[in-house]
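Keep in mind that what you see is a predicted model, and the values were worked out from it rather than measured.
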Amino acid sequence: AGSPRVGYLANLWLRSAIRVLVEMHRGWLDPSLPGGDAVYQFVRSTAPWQEVVPRDGELTFSVESRVWSCTDVTSTRMAATRAKDAICDALVDANGWRPQ
């Protein structure tokens, strides 16, 4: 745990790490929604994505997911795809642009 500055410095100077991951939010998926929709709603409401993802004409990003102990979400690929959909849709709604 640390400040965003610590994370930026770790990404910049760590020679043994490919990337440093940041947990942005922790919580429960809505049990009344199907698995993919629950992931989408959870991620969409997690952060002000227009502040987290800077606008850049050549911006691309990826989402990595891990799934465990969840009966409604059994595919890491589906979870990652629905999470990226949620982030991109939030950016379109807030700024009118979608990353590639």
Side-chain angles (χ1 to χ4, degrees):
S3 69
R5 178 176 165 71
V6 171
Y8 299 141
L9 290 172
N11 277 315
L12 180 63
W13 296 109
L14 278 175
R15 296 180 190 268
S16 62
I18 294 172
R19 67 182 69 99
V20 175
L21 303 177
V22 175
E23 182 180 80
M24 297 182 72
H25 190 74
R26 181 182 292 208
W28 299 100
L29 298 180
D30 185 344
S32 68
L33 297 173
D37 293 338
V39 170
Y40 180 94
Q41 290 300 324
F42 179 81
V43 171
R44 178 117 187 209
S45 64
T46 295
W49 293 109
Q50 68 277 9
E51 295 173 17
V52 175
V53 180
R55 183 174 184 152
D56 184 342
E58 310 227 353
L59 175 73
T60 62
F61 69 96
S62 64
V63 173
E64 293 184 21
S65 67
R66 302 291 182 266
V67 175
W68 67 93
S69 300
C70 187
T71 57
D72 291 336
V73 181
T74 57
S75 166
T76 57
R77 180 176 286 172
M78 184 271 297
T81 300
R82 294 300 286 156
K84 190 167 183 177
D85 288 345
I87 295 166
C88 288
D89 289 348
L91 291 171
V92 167
D93 288 348
N95 297 328
W97 62 274
R98 182 180 189 89
Q100 300 176 12

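In terms of the side chain to side chain contact (heavy atoms under 4.5 Å, CB included) criterion, P31 has no residue partners (sequence neighbours excluded). Here D72 pairs with nothing under the salt bridge (Lys or Arg N to Asp or Glu O under 4.0 Å) rule; sequence neighbours left out. Among residues two or more places apart in sequence or in another chain, the salt bridge (Lys or Arg N to Asp or Glu O under 4.0 Å) test is passed with R66 by E64. Under the side chain to side chain contact (heavy atoms under 4.5 Å, CB included) criterion, S45 pairs with no residue, sequence neighbours left out. Not counting sequence neighbours, R5 has no partner by the side chain to side chain donor-acceptor pair (under 3.5 Å) test. S75 is linked by a side chain to side chain contact (heavy atoms under 4.5 Å, CB included) to R77, M78, counting only residues two or more places apart in sequence or in another chain. Here T46 pairs with M24, H25, F42, W49 under the side chain to side chain contact (heavy atoms under 4.5 Å, CB included) rule; sequence neighbours left out.
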| Could you go step by step and tell me if I87 and V43 meet the side chain to side chain contact (heavy atoms under 4.5 Å, CB included) rule? | CA-CA 7 Å; I87 295 166; V43 171; 3.8 Å; yes
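Both V52 and L91 sit in one connected hydrophobic cluster of ILVMFWY residues. Membership requires side-chain heavy atoms under 4.5 Å apart, directly or through other members. Both V63 and L29 sit in one connected hydrophobic cluster of ILVMFWY residues. Membership requires side-chain heavy atoms under 4.5 Å apart, directly or through other members.
Using a 4.5 Å heavy-atom threshold, the side chains of V67 and T74 count as separate. With contacts defined as side-chain heavy-atom distances shorter than 4.5 Å, the pair C88/F61 qualifies.
Identified under the salt bridge (charged side-chain N to carboxylate O under 4.0 Å, His left out) test for residues 40-50, with sequence neighbours left out: R44-D93. Sorted by first and then second residue, the salt bridge (charged side-chain N to carboxylate O under 4.0 Å, His left out) pairs with a member in residues 29-42 read D37-R82; sequence neighbours excluded.
The two atoms that bring A80 and S65 nearest to each other are N-OG, 3.6 Å, heavy atoms only. In terms of heavy-atom proximity, A83 sits nearest to V39 at N-CG1, 4.1 Å.
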